[in-house]
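Comments concern the structure below.
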2 protein chains.
Amino acid sequence: MSNLKVAEKVRSSTRSKEKIREQNERIILIAAEKVFAKHGLKGATTKQIADMAKLPKSNIHYYFHTKLNLYRCVLESILVDWMKAADTFNTFDEPREAFRYYVGAKMDLSRVRPFGSKVWANEIISGAPEMEAVLSSRLKKWVDTCVGSINTWVELKKIINVGDAHTLLYMIWATTQHYADFEYQVKILNNGKRLTDAEFEEKKQQVIDLVLRSVGLNP
Amino acid sequence: MSNLKVAEKVRSSTRSKEKIREQNERIILIAAEKVFAKHGLKGATTKQIADMAKLPKSNIHYYFHTKLNLYRCVLESILVDWMKAADTFNTFDEPREAFRYYVGAKMDLSRVRPFGSKVWANEIISGAPEMEAVLSSRLKKWVDTCVGSINTWVELKKIINVGDAHTLLYMIWATTQHYADFEYQVKILNNGKRLTDAEFEEKKQQVIDLVLRSVGLNP
DNA sequence: AAAATATTTGACTACTTGGTCAGGTTATAA
DNA sequence: TTATAACCTGACCAAGTAGTCAAATATTTT
């Protein structure tokens, strides 16, 4: 038995523990997220994704058929994570805790899944051609709920009147996602060194404090 | 004399007032900014840019030689505007006025030149391959000055201690540029209607107030 | 007016791209 | 073991792509 065959045997026996399809789809999705983040939908090539996934190009098409379909799957998978973080916002009655946890969760997501955030940013920047439906239904609904909470807190004088609650929400999104989408710029302005975990935790706390003060809460 | 010839005569006599090259380069730069904003460097095609500029493709290459060179020219032209807005920051001694004017200027830029902001965002998201040099020299220098001003205000107790001044700067950039880069999302969440000039002015004021409060200043 | 220079553009090319497909191998069910 | 289904992949192709070029036209200079 050749070395190659041995390698294959080991590889396949490892893989059969979980469905082959499942594992390969995951590998491809992760690779695709990186490539789409860097080059966008049009700029990314299936060859690049294949190379990143260390699979032949045909294999990508076998599992996802078209580049557009793969792209949609990547977006969908990001949305799942985002919605989980979003849900934390509405589980708190007190604004201080709600903002603290939501901003914290968004910052954590920017840290652990920066490529996903970049793909999303690219999609919106290019006019949200694939995500318009999701934005105007699922996201809109969630935003309306949030705006409701914030307005209630304003009425109860728990926070300062910020005018349109959307403005506050956008500030939170923009600021937290900045650490993912613009991480290269952040790195360059940090003397070329990526933020360490400790530094990032520090920034996270500072962002939380900025947000809290912006709505009149003492951190 | 045919109508076509008459049209050409009028066109050329109009154009000869200013250098033909100057005018065509401007037309192409504007078209390229839109196309690069939508599709990024790799995704944009010279054909799309040509169509947008209503010129034959060869003409694009005649004036800018390569797509990459045209892209660099677009980035450079954006930077000029950004630096102008940036300079306003250091012309004020009082933090209240500095933040008010700088945030206002950044918001105005997002309103009048959203495509430029998107091209820039795309560039940074994809790793700033063309702008790294500019970021680590010109921008870094400006940021260092800003950070110095902010730290001085903290020492003089004019604003609250925000920890790392970069965090505050990033919040301002992210929040103001959000209205350019994510304008499609903003539109969708505004019930599909683009913000009117009046609405935008309102948002601008709210953003300014949020920023001022975040550093402990009463707007 | 003639010469020199600058602009315009259709036709072309070498190369890349997303996607197909046939013929193979591997895993699983009977 | 055998049959069936799932997976794998090199070779291929039609449709685009950035960039070239030469010939035509327009503009400026002399």
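Residue numbers start from 1 in every chain, and the chains themselves are labelled A, B, ... in the order their sequence lines are given, proteins ahead of strands.
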Under 3.5 Å, which protein N or O atoms sit close to an N or O of nucleotides 2-5 of chain D? Give each pair with its distance.
none

Worksheet item: To the nearest angstrom, how far is B:Lys42 atom NZ from C:dT16 atom P?
Response: 11 Å

Worksheet item: In whole Å, what is the span from the CG atom of B:Leu55 to the C1' atom of D:dA26?
Response: 16 Å

Practice prompt. Would you indicate what B:Ala44 reaches in the nucleic acid, counting non-hydrogen atoms under 4.0 angstrom: base, sugar-phosphate, or nothing?
Written response: sugar-phosphate

Worksheet entry | Worked check of salt bridge (Lys or Arg N to Asp or Glu O under 4.0 Å) between A:Lys118 and A:Glu33 | CA-CA 9 Å; A:Lys118 287 186 188 115; A:Glu33 190 169 303; over 6 Å; no

Discussion item. Please list all pairs meeting salt bridge (Lys or Arg N to Asp or Glu O under 4.0 Å) that have one or both residues in residues 53-68 of chain B, counting only residues at least two apart or in different chains.
Written reply: none

Worksheet item: For B:Arg111, which residues count as a salt bridge (Lys or Arg N to Asp or Glu O under 4.0 Å) partner, sequence neighbours excluded?
Response: B:Asp197

Worksheet entry | Any residue meeting ring-ring contact (aromatic ring centres under 6.0 Å, His included) with B:Phe99, in chain and number order, not counting sequence neighbours | B:Phe89, B:Trp153

Worksheet item: Between B:Ser58 and C:dT8, does any side-chain N or O lie under 4.0 Å from OP1 or OP2?
Response: no

Discussion item. With a cut-off of less than 4.0 Å, is there a side-chain N or O of B:Arg21 near OP1 or OP2 of C:dT7?
Written reply: yes

Practice prompt. Grab the CG-P distance between A:Asp51 and C:dG18 for me, whole Å please.
Written response: 12 Å

Item to complete: Could you check how far CD1 of A:Ile49 sits from C1' of C:dG18, rounded to whole Å?
Response: 11 Å

Practice prompt. Would you mind reading off the distance between B:Glu22 atom CD and D:dT27 atom P, rounded to a whole angstrom?
Written response: 17 Å

Practice prompt. Tell whether B:Lys57 reaches the base of D:dA18 with its side chain through a donor-acceptor pair below 3.5 angstrom.
Written response: yes

Worksheet item: For DNA chain C, what residues of residues 60-70 of chain A have any heavy atom nearer than 4.0 Å?
Response: A:His61, A:Thr66, A:Lys67

Practice prompt. Mind checking salt bridge (Lys or Arg N to Asp or Glu O under 4.0 Å) for A:Lys204 and listing every partner two or more places apart, or none if nothing turns up?
Written response: A:Asp108, A:Glu201

Worksheet item: Taking OP1 and OP2 of C:dG10, is either one under 4.0 Å from a side-chain nitrogen or oxygen of B:Asn59?
Response: no

Fill in: Any residue meeting ring-ring contact (aromatic ring centres under 6.0 Å, His included) with A:Phe64, in chain and number order, not counting sequence neighbours
none

Item to complete: Rounded off to whole Å, could you give me the NZ-to-P distance for the B:Lys54 and C:dT8 pair?
Response: 17 Å

Item to complete: Measure the distance from CG on B:Asn24 to P on D:dT27 and round it to the nearest whole Å.
Response: 12 Å

Worksheet item: In whole angstroms, how far is the P atom of C:dT7 from the NZ atom of B:Lys19?
Response: 8 Å

Fill in: Qualifying residues under salt bridge (Lys or Arg N to Asp or Glu O under 4.0 Å), relative to A:Glu132, sequence neighbours excluded
none

Item to complete: Could you tell me which residues satisfy ring-ring contact (aromatic ring centres under 6.0 Å, His included) with A:Tyr62, sequence neighbours excluded, listed by chain and number?
Response: none

Fill in: A:Leu169/A:Cys146 under side-chain contact (heavy atoms from CB on, under 4.5 Å): CA gap, chis, key distance, verdict
CA-CA 8 Å; A:Leu169 220 43; A:Cys146 266; 4.0 Å; yes

